[in-house]
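Structure first, then comments.
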Amino acid sequence: MNLRIHDTLTDSLQDVLPADGKRVGFYCCGPTVYAAAHIGNFRTFVVQDIFRRALELSGTPVKHVRNLTNVDDKTIRVSQEQGQSLGEFTAFWTEKFHADCEALNLLRPQIEPGAVEHIAEQIDLIQRLMDKGHAYQAGDGSVYFRVESFPAYGRLSRVQDRELTTGTAAQSDDEYDRDSLSDFALWKAAKPEDGPNVWESPWGRGRPGWHLECSAMSMKYLGPSFDVHSGGIDLTFPHHENEIAQSEACTGVTFSRLWFHVVHLMVDGHKMSKSLGNMYTLEELQAKGFRPEEVRYALIAGHYRKHLNFTLASLEAARPNLQRLAKLEKHLHHVAGSPKRPSYGALCTSRPALGRFAPAFEALLENLNVPRALGEVFKAAGEIEKAPQSAKPEEYSGLIVILEALGLRLPELGAVEAPGEIRALAEQRLEARANKDWGKSDELRDQLAALGWSIKDVKGGYELEPNA
RNA sequence: GGCGUGGUGGCAGAGUGGUCUAAUGCGCGGGAUUGCAAAUCCCGUAUUUCGUCGGUUCGAAUCCGACCCACGCCUCCA
């Protein structure tokens, strides 16, 4: 069974197959590194991560490229405001982004090109477009793509005659000299506020336009025609439309064969926005006591083609779910004879039988239906919990495969060792209980709680855990 | 205004013509257990019901139409 995904270009489900028969070339529009990415950004990246995992775990290798936008209006403006060089500024936020990705258990793309490191490739692309008559230099010194010269424009977003319906309010100073409102910048002429962040080109000093980097870098690493391109739904127009135009006008071949877009995350029923104060970052949620794996769980709990309403309540639901899975994993691990956990790479090549977890994986292959996959996982979990002896040894690897596909890390059960002072209190309480001194016992339990530990009585003893 | 998505139980969220008296999770209620709890386990949890009104069909949450509502995109944006 192949992975199928909704293709924006054809508005239909398509099999994801590598054109070269070997591996899928996969390009994702990455973050602009000028601030911490918010959970909306991460919804998209997490979905793309699951896409890659599902493909790899079903035996198809993926070459994953995700760019870093490290030169644009925002990075330049904010770095200047903060008195930092563009390089040190974007390096800082890149590092922050990588830390968040690691915390959220995102596989690192094999290639993560930065726009500023690929100026030459972008200039080359502009030159080829100029040579073919698809681009022109305007009076302001900037170079624009002539949308009119590319008849297929609008095919992805199904928007015709954009320039007729676009209001003039959006027109800003640096776009004044375009022949048509829908023409977009390939090269932006240097302006005083750019500071030192300008590069030499055949059209004078300046910097590349935003859309260009993705074309230049995706084609550099994946070739002029590749398999899959993905991004947030808002990128469909104009970003991806422009990418297609400038790439195909240049090469004459299909740019990406398939496109999929992730619908936006909502918070408390509304779009995230600064004014509503609902733009969470991972760090902010961690400060509220949530764990990254819980955030990941909450982000994948809805289908990627629908709005997902992210709330703190939805985050809270993640913890008991993950704990339940951790218990299930422990049981299956035991049933399997406590083997070493197979690595992700080993699972991709060995592709073990999944037992009761097969329907969950199949749900994933069908347009990344994560909610249904989770439902299937819990259905299997319920069966095994009801009849623990019915668990088969191979179901351990089955569960591991689905957990890897979803990228879910499970909490370790009872892994935290209590400090001596805490254990001493617990010992006192054990003694009090032995003497049936319930008053003292309860008092000690309160004391422990105040110190951040919860105590659970078990046969002949106790277990200590940090408060949830 | 143009384009688009969706309205399913307290919440989240599957289900896209019959097996739906609607998956799954959270929550909630009850029980077991416990000195009392916690943790764990068990049971129950949408009173033909899936925004409203019509239509197609032997049969619809699923198809069609109208309407109401919510949300998104329309060159900053995952």
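All values reported here derive from a predicted model rather than from experimental measurement. Letters go in sequence order (proteins before strands), and every chain restarts at 1. Heavy-atom basis, side chains included; hydrogens, waters and symmetry copies ignored.
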Respond yes when some side-chain nitrogen or oxygen of [X] is under 4.0 Å from OP1 or OP2 of [N], and no when none is.
{"X": "A:R372", "N": "B:rU24", "value": "no"}
{"X": "A:K379", "N": "B:rA14", "value": "no"}
{"X": "A:N309", "N": "B:rA12", "value": "yes"}
{"X": "A:K306", "N": "B:rA14", "value": "yes"}

> Ring centres of A:Y396 and A:H333 under 6.0 Å apart?
Replying inline: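 So the answer is yes for these two rings.
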> Are the aromatic rings of A:F145 and A:H211 close, with centres under 6.0 Å apart?
Replying inline: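 No: the rings miss the under 6.0 Å criterion.
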Whole-Å distance separating the [atom1] atom of [X] from the [atom2] atom of [N]:
{"X": "A:D446", "N": "B:rA38", "atom1": "CG", "atom2": "C1'", "result": "12 Å"}
{"X": "A:Q323", "N": "B:rA38", "atom1": "CD", "atom2": "P", "result": "15 Å"}
{"X": "A:R305", "N": "B:rG72", "atom1": "CZ", "atom2": "C1'", "result": "13 Å"}

If you only use heavy atoms from C-beta on, which nucleotide in [options] is closest to the side chain of [X]?
{"X": "A:K74", "options": "B:rC36, B:rC77, B:rC71", "value": "B:rC77"}
{"X": "A:D442", "options": "B:rG13, B:rG35, B:rA78", "value": "B:rG35"}
{"X": "A:H264", "options": "B:rG15, B:rA23, B:rA78", "value": "B:rA78"}

Hey, does the side-chain of [X] have a donor or acceptor N/O within less than 3.5 Å of a partner on the base of [N]?
{"X": "A:S314", "N": "B:rA12", "value": "no"}
{"X": "A:S441", "N": "B:rG35", "value": "yes"}
{"X": "A:R445", "N": "B:rA37", "value": "yes"}
{"X": "A:N369", "N": "B:rA14", "value": "no"}

Expressed as a whole number of Å, how far does the [atom1] atom of [N] sit from that of [M]?
{"N": "B:rA12", "M": "B:rG27", "atom1": "P", "answer": "15 Å"}
{"N": "B:rG54", "M": "B:rC50", "atom1": "P", "answer": "12 Å"}
{"N": "B:rU62", "M": "B:rG25", "atom1": "C1'", "answer": "23 Å"}
{"N": "B:rU21", "M": "B:rA46", "atom1": "P", "answer": "14 Å"}

With heavy atoms under 4.0 Å as the rule, sort [X] into base, sugar-phosphate or nothing.
{"X": "A:M279", "value": "nothing"}
{"X": "A:F378", "value": "sugar-phosphate"}
{"X": "A:L308", "value": "sugar-phosphate"}

> salt bridge (Lys or Arg N to Asp or Glu O under 4.0 Å) between A:R409 and A:E293: does it pass, once the steps are laid out?
Replying inline: CA-CA 6 Å; A:R409 287 184 179 133; A:E293 60 265 30; over 6 Å; no
> So, is the end of the A:R66 side chain (NZ or CZ) under 6.0 Å from the ring centre of A:F45 and within 45° of the ring's axis?
Replying inline: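 Relative to the ring axis of A:F45, which defines the angle, A:R66 lies inside both limits.
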>> For a quick test of reading the model, state the closest non-hydrogen atom pair linking A:P113 to A:Y221 and the distance between them.
In response: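 Closest approach of A:P113 to A:Y221, heavy atoms only: CB-CE1, 3.7 Å.
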>> Going by the rule ring pair (Phe, Tyr, Trp, His ring centres under 6.0 Å), which residues pair with A:H264 if we only count those two or more places apart in sequence or in a different chain?
In response: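 A:H264: no ring pair (Phe, Tyr, Trp, His ring centres under 6.0 Å) contacts found.
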> Does any N or O in the side chain of A:H118 come within less than 3.5 Å of the main-chain N or O of A:G114, such that one atom is a donor and the other an acceptor?
Replying inline: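 Side chain of A:H118 to backbone of A:G114: a pair is present.
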> Any side-chain heavy atom of A:Y34 sitting closer than 4.5 Å to one from A:R77?
Replying inline: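 A:Y34 vs A:R77: side chains apart.
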>> Under 3.5 Å for both pairing distances: what stems, at least three Watson-Crick or G-U pairs long, include RNA chain B?
In response: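 Counting only runs of 3 or more consecutive pairs, the stems involving RNA chain B are B:1-7 with B:68-74, B:10-12 with B:24-26, B:27-32 with B:40-45, B:51-55 with B:63-67.
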